[in-house]
Number of protein chains: 2
Amino acid sequence: MPRPKSQDKRSAIIDAATRVIVSQGLSAPTALIAKEAGIANGSLFTYFATKTELYNQLYLELKTEMARTAIKNMPADGNPRDRLFTAWQNWTTWSTKYPDKRKAMGQLAVCDEITAETRAAGHRAMQPIVGLLEEIRANGSMSKVPMPFVGGLMNSIAEATMDYMAQDPKKAKEHAKVGFEALWRLIS
Amino acid sequence: MPRPKSQDKRSAIIDAATRVIVSQGLSAPTALIAKEAGIANGSLFTYFATKTELYNQLYLELKTEMARTAIKNMPADGNPRDRLFTAWQNWTTWSTKYPDKRKAMGQLAVCDEITAETRAAGHRAMQPIVGLLEEIRANGSMSKVPMPFVGGLMNSIAEATMDYMAQDPKKAKEHAKVGFEALWRLIS
DNA sequence: AATAGTTGTCTGGCTAGACAGTCATTTTTG
DNA sequence: CAAAAATGACTGTCTAGCCAGACAACTATT
């Protein structure tokens, strides 16, 4: 048996890429990512065949982590508003706790190297939240509006809220609340 | 007297860049933009010193055109809701009429070559709409929320609405209405 | 326990291709 | 013909990905 491929190094590359993307943008050289990860530039390609694949996997990993965090510790019972609020808090808290991850994800989301499949998988990760949203929408003023549209609106409000939270971190919690009330007024 | 620098060619480059960015992304070679504009690649640099400068000017031009279009034919009188709705319609209609311009602008907005100055100028172009929004917000449930935050929310809702309109153009007008009602519920 | 064999990982110098911007020259215009 | 615009071949630079060799981990054989 050969030396096993180190899982640690994979994570190191993923983390390094996140940091480097934030500071240098998506056009950052792979050599820099490798250096930041503490490996030789050639080694990067034993973990990810191409730069594009690295970016796709990174995007999906970030999105999945975000979605998982959002629905963590969410009780199955309780009224929908409280449940959505819990998710909202988890979501926005994550974004202030890991601003780099959010920034990198934002860059990647826009980049055209991210395939449709990756995007679809990312969307799937968000499914639990969308399901919750659907439940709430059914009795509200948006009951007739197509679900993807409502989902897009929620996402965009979350995005705007997190942007503002990042800009004025001291009042982050307060801004999160405002964003949630705005969302609630929209869908209920 | 020398030959005057052709304004037509400048526009041709701007238009070409818009199209090329949409189809090839921001990393498209300048040579391709020049070819698409019907000029030699070297000539591009008599109009724009660098690629970055081209992108900055393009971004600002698009943003300004969008903002100008939004407030076109808007009567100074009339109730605020109607006035905002007019702007909203102008805005969203422009985005469906010139999808490429919107797409290119979206790419540029995220790109880190766009300077803070350019962004500030773009923001200034949106001032009339923000002013209208401020007036409305003052008597609504967001009267205590910082104006930049409210502005960001409006923008993000517009973005989500235009995205959905672009995806389902047949019902574009309907979707625009839904988006506006959502916005109105938010700020009033 | 020592050795050899096997297999896949890791390395970093290297290269082929791409691309922004230059510049000597040509063309256009007043 | 003067002065500026337009041209396109060219160049210096940068970088994704390659590859040949070094190395680590483990097994089989003695």
Side-chain angles (χ1 to χ4, degrees), chain A residues 1-60 104 107-108 110-115 118, chain B residues 1-60 104 107-108 110-115 118:
Chain A
M1 276 269 236
R3 170 161 39 152
K5 206 187 274 185
S6 158
Q7 185 61 37
D8 283 0
K9 287 193 182 162
R10 211 199 90 102
S11 311
I13 296 169
I14 289 279
D15 288 353
T18 305
R19 266 174 283 135
V20 169
I21 286 170
V22 169
S23 63
Q24 311 275 327
L26 295 171
S27 59
T30 52
L32 189 63
I33 296 172
K35 193 179 175 186
E36 184 81 11
I39 60 169
N41 56 51
S43 304
L44 192 147
F45 296 97
T46 60
Y47 290 90
F48 305 93
T50 63
K51 192 185 191 185
T52 297
E53 193 171 319
L54 166 61
Y55 279 181
N56 273 270
Q57 291 195 27
L58 174 58
Y59 173 77
L60 187 54
Q107 298 256 332
L108 290 164
V110 155
C111 147
D112 45 10
E113 279 161 315
I114 303 300
T115 67
T118 302
Chain B
M1 278 270 236
R3 169 167 37 156
K5 209 187 272 185
S6 159
Q7 186 59 37
D8 283 359
K9 287 193 181 164
R10 212 199 88 102
S11 311
I13 296 170
I14 289 279
D15 288 353
T18 305
R19 265 174 284 134
V20 169
I21 286 172
V22 169
S23 64
Q24 312 273 329
L26 295 172
S27 58
T30 51
L32 189 63
I33 296 172
K35 192 179 176 186
E36 183 81 12
I39 60 170
N41 56 51
S43 304
L44 191 147
F45 297 95
T46 56
Y47 290 90
F48 304 93
T50 64
K51 193 185 190 184
T52 297
E53 192 171 320
L54 165 60
Y55 278 0
N56 273 271
Q57 291 195 28
L58 174 57
Y59 173 76
L60 187 54
Q107 299 255 333
L108 290 164
V110 153
C111 146
D112 45 9
E113 279 161 317
I114 305 299
T115 66
T118 303

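None of the values given here were measured: they were computed from a predicted structure. Numbered from 1 within each chain, the chains take letters A, B, ... in sequence-line order.
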B/Lys51 side chain near C/dC19 phosphate (N/O to OP1/OP2, under 4.0 Å): no

Taking every non-hydrogen atom, the tightest pair across A/Cys111 and A/Leu26: CB-CD1, 3.4 Å

Atom-to-atom span, CG of A/Leu26 to P of D/dT15 - whole angstrom: 14 Å

Exercise: identify the closest heavy-atom pair between B/Gln24 and B/Ser27: O-OG, 4.3 Å

Criterion side-chain contact (heavy atoms from CB on, under 4.5 Å) on A/Gln57 and A/Arg10, from CA distance to verdict: CA-CA 11 Å; A/Gln57 291 195 27; A/Arg10 211 199 90 102; 2.6 Å; yes

d(CD, B/Gln24; P, C/dA18) in whole Å: 13 Å

B/Gln107 CD to B/Ile114 CD1 distance, which is reported to the nearest 0.5 Å: 11.5 Å

Separation between CG of B/Leu44 and OG1 of B/Thr46, rounded to the nearest 0.5 Å: 7.5 Å

Atom pair distance, as rounded to whole Å: OH in A/Tyr55 and P in D/dG17: 11 Å

Atom-pair distance (CG on A/Leu32; P on D/dT15), nearest Å: 9 Å

Pairwise side-chain contact, B/Thr30 with B/Phe45, heavy-atom cut-off 4.5 Å (strictly under): yes

Distance (rounded to the nearest 0.5 Å) between B/Leu58 CG and B/Ile14 CD1: 5.0 Å

Atom-to-atom span, CZ of A/Arg10 to C1' of C/dC10 - whole angstrom: 17 Å

Nearest-angstrom distance from the residue atom CG of B/Leu54 to P of C/dG21: 10 Å

Residue of the set B/Leu108, B/Thr118, B/Leu60 for which side-chain contact (heavy atoms from CB on, under 4.5 Å) holds with B/Tyr55: B/Leu108

Proximity to DNA chain D (any heavy atom under 4.0 Å), residues of residues 34-50 of chain A only: A/Gly42, A/Phe45, A/Thr50

Terminal helix-axis angle for the helix from C/dA1-D/dT30 to C/dG30-D/dC1, with five pairs defining each axis and rounding to 10 degrees: 10°

